[in-house]
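One structure below.
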Amino acid sequence: MGGSFTKTGGLLPELSSTSLIKISIIGLENSGKSSLLSKFIDNTHRKAVQSVLVSQGVYADMVNYKGWDIFVGNLLYPNYIRKAFKPYLLLSDIIIFIVDSSDYQQISSAKEQIDILLGENCINSTVFLVLANKQDIKRITTPQLENYLELSRLNCPYNIMPVSVLKETNLDETIKWILKQLDGHIQLRNNNNNNNTNSNNNQNNNNNTS
């Protein structure tokens, strides 16, 4: 992927025609998920966002935007990860977990959700980014939040970044970090896919020979 992208509206850059990045944005209610999506994509694609039934009574927003396959899930109840979102999270190249850093109750619930993500192995082979949103009215610092969420226990590439989605504070830096991390991640994914293809081809050749 490298630096081969151009910015053509919305904050997310357009990826090369051969790239497809699966990105999941999850968080508790009123954490800023929909606002972040509206900043990431342009006006035309905002109209294309679809609310999709992913499980009984559970909906998620989905849109494909210039090489980004975006999934947005609202963690209304603790069982939503297991009940509905896990298949999408497992296929994600990056999971963005957005937290209202001004709401202590939500911060506590966010830790419970991260515990579930770990227990369900949803973030073992992806890039995980926590966005500490609403830093313009923050009550907790980013290091404090990182310690409370116990992010150091993760075995995947991760980061926590302070942002204000409303004021677009630090969103450009967020995207730069995502692209930097995904360079290696996508290369690894492509190598794994190529290895699987080669393995299947060799198996087919062996079957034809026999």
Side-chain angles (χ1 to χ4, degrees), residues 11 22-41 46 49-63 70-124 126-154 156 158-171 174-175 177-178:
L11 291 177
K22 293 182 178 295
I23 180 171
S24 291
I25 302 171
I26 58 174
L28 299 165
E29 197 166 17
N30 298 320
S31 59
K33 301 175 301 299
S34 298
S35 297
L36 182 64
L37 178 63
S38 70
K39 300 292 184 182
F40 274 0
I41 65 179
R46 285 170 198 153
V49 175
Q50 295 183 333
S51 182
V52 179
L53 182 67
V54 295
S55 184
Q56 185 176 1
V58 183
Y59 288 82
D61 289 339
M62 300 183 190
V63 65
I70 305 174
F71 170 93
V72 182
N74 193 358
L75 300 175
L76 286 173
Y77 299 101
N79 67 334
Y80 271 22
I81 291 173
R82 298 188 186 97
K83 178 181 178 181
F85 296 161
K86 183 175 179 178
Y88 299 91
L89 299 177
L90 289 173
L91 293 174
S92 297
D93 296 303
I94 179 165
I95 296 173
I96 297 178
F97 193 107
I98 187 164
V99 180
D100 180 350
S101 61
S102 71
D103 185 337
Y104 285 120
Q105 183 174 353
Q106 184 170 129
I107 291 169
S108 177
S109 298
K111 184 179 183 300
E112 295 174 4
Q113 294 290 341
I114 291 176
D115 291 342
I116 294 173
L117 288 170
L118 283 169
E120 295 296 317
N121 296 317
C122 291
I123 50 179
N124 287 345
T126 187
V127 176
F128 190 66
L129 175 61
V130 176
L131 292 185
N133 191 25
K134 305 185 182 180
Q135 286 290 296
D136 48 319
I137 51 175
K138 68 178 181 179
R139 297 179 183 175
I140 186 171
T141 66
T142 304
Q144 288 173 327
L145 182 58
E146 180 176 6
N147 289 334
Y148 182 80
L149 298 177
E150 299 180 0
L151 297 183
S152 60
R153 57 189 163 145
L154 302 184
C156 63
Y158 77 88
N159 196 8
I160 179 169
M161 302 184 73
V163 300
S164 171
V165 175
L166 180 64
K167 297 185 177 181
E168 296 188 9
T169 304
N170 219 27
L171 292 187
T174 296
I175 292 170
W177 185 86
I178 290 172

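In this structure, Asn30 has no side chain to side chain contact (heavy atoms under 4.5 Å, CB included) partners at least two apart in sequence or on a different chain. Scored by the salt bridge (charged side-chain N to carboxylate O under 4.0 Å, His left out) test, Glu120 finds Arg82, Lys86 as partners (sequence neighbours excluded). For the side chain to side chain contact (heavy atoms under 4.5 Å, CB included) test, residues two or more places apart in sequence or in another chain that qualify with Asn159 are Leu129, Met161, Trp177. A search for side chain to side chain contact (heavy atoms under 4.5 Å, CB included) contacts involving Asn79 returns Tyr77, Lys83, not counting sequence neighbours. Applying the side-chain hydrogen bond (donor to acceptor under 3.5 Å, both in side chains) criterion to Gln144, with sequence neighbours excluded, gives Thr141. Under the rule for a side-chain hydrogen bond (donor to acceptor under 3.5 Å, both in side chains), Asp103 has no partner lying at least two apart in sequence or in another chain. By the salt bridge (charged side-chain N to carboxylate O under 4.0 Å, His left out) test, Asp136 is found to be paired with no residue, residues two or more places apart in sequence or in another chain being considered. The side chain to side chain contact (heavy atoms under 4.5 Å, CB included) test applied to Ile137 returns Ser102, Lys134, not counting sequence neighbours. Applying the side-chain hydrogen bond (donor to acceptor under 3.5 Å, both in side chains) rule to Gln135 yields the partners Ser101; only residues at least two apart in sequence or on another chain are considered. With sequence neighbours left out, Ser24 forms a side-chain hydrogen bond (donor to acceptor under 3.5 Å, both in side chains) with Ser92.
Taking the side chain as every heavy atom from C-beta outward, Val58 and Phe85 approach each other to under 4.5 Å. Taking the side chain as every heavy atom from C-beta outward, Asp93 and Val127 never approach each other to under 4.5 Å. Met62 places none of its side-chain heavy atoms less than 4.5 Å from the side chain of Ile70. Side-chain atoms of Ser108 and Tyr148, non-hydrogen and from C-beta on, do get closer than 4.5 Å to each other. Leu118 is listed as a side-chain neighbour of Leu154, based on a closest heavy-atom distance under 4.5 Å. For the pair Leu131 and Val165, the minimum side-chain heavy-atom distance is 4.5 Å or more. Between Arg153 and Ile114, the closest side-chain pair of non-hydrogen atoms falls below 4.5 Å. Between Ile178 and Ile96 the shortest side-chain heavy-atom distance falls below 4.5 Å.
Rounded to the nearest 0.5 Å, atoms CZ (Phe40) and CZ (Arg46) are 12.0 Å apart. With values rounded to the nearest 0.5 angstrom, Leu89 atom CG is found 12.5 Å from Ile94 atom CD1. Note that CG of Asn170 is 11.0 Å distant from CG of Asn133, once rounded to the nearest 0.5 Å. Atoms OG1 and CD1, from Thr142 and Ile160 in turn, are 5.5 Å apart once rounded to the nearest 0.5 Å. Here the OH atom belonging to Tyr59 is positioned 13.0 Å from the CD atom belonging to Gln50, to the nearest 0.5 angstrom. From Leu37, atom CG reaches atom CG of Leu11 across 11.0 Å, with rounding to the nearest 0.5 Å.
Applying the ring pair (Phe, Tyr, Trp, His ring centres under 6.0 Å) test to residues at least two apart or on different chains, the pairs with a partner in residues 88-114 are Phe71-Tyr88.
A pairwise comparison of heavy atoms in Cys156 and Ile123 identifies SG-O, 3.1 Å as the closest pair.
No donor-acceptor pair under 3.5 Å is formed between the side chain of Ser35 and the backbone N or O of Gly32. At least one donor-acceptor pair closer than 3.5 Å links the side chain of Ser31 to the backbone N or O of Leu28.
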Worksheet item: Is there a salt bridge (charged side-chain N to carboxylate O under 4.0 Å, His left out) between Asp100 and Lys33 once you walk through the steps?
Response: CA-CA 10 Å; Asp100 180 350; Lys33 301 175 301 299; over 6 Å; no
How far apart are the C-alpha atoms of Val72 and Val49, what are their side-chain angles, what is the distance that settles it, and do they pass the side chain to side chain contact (heavy atoms under 4.5 Å, CB included) test?
CA-CA 10 Å; Val72 182; Val49 175; over 6 Å; no
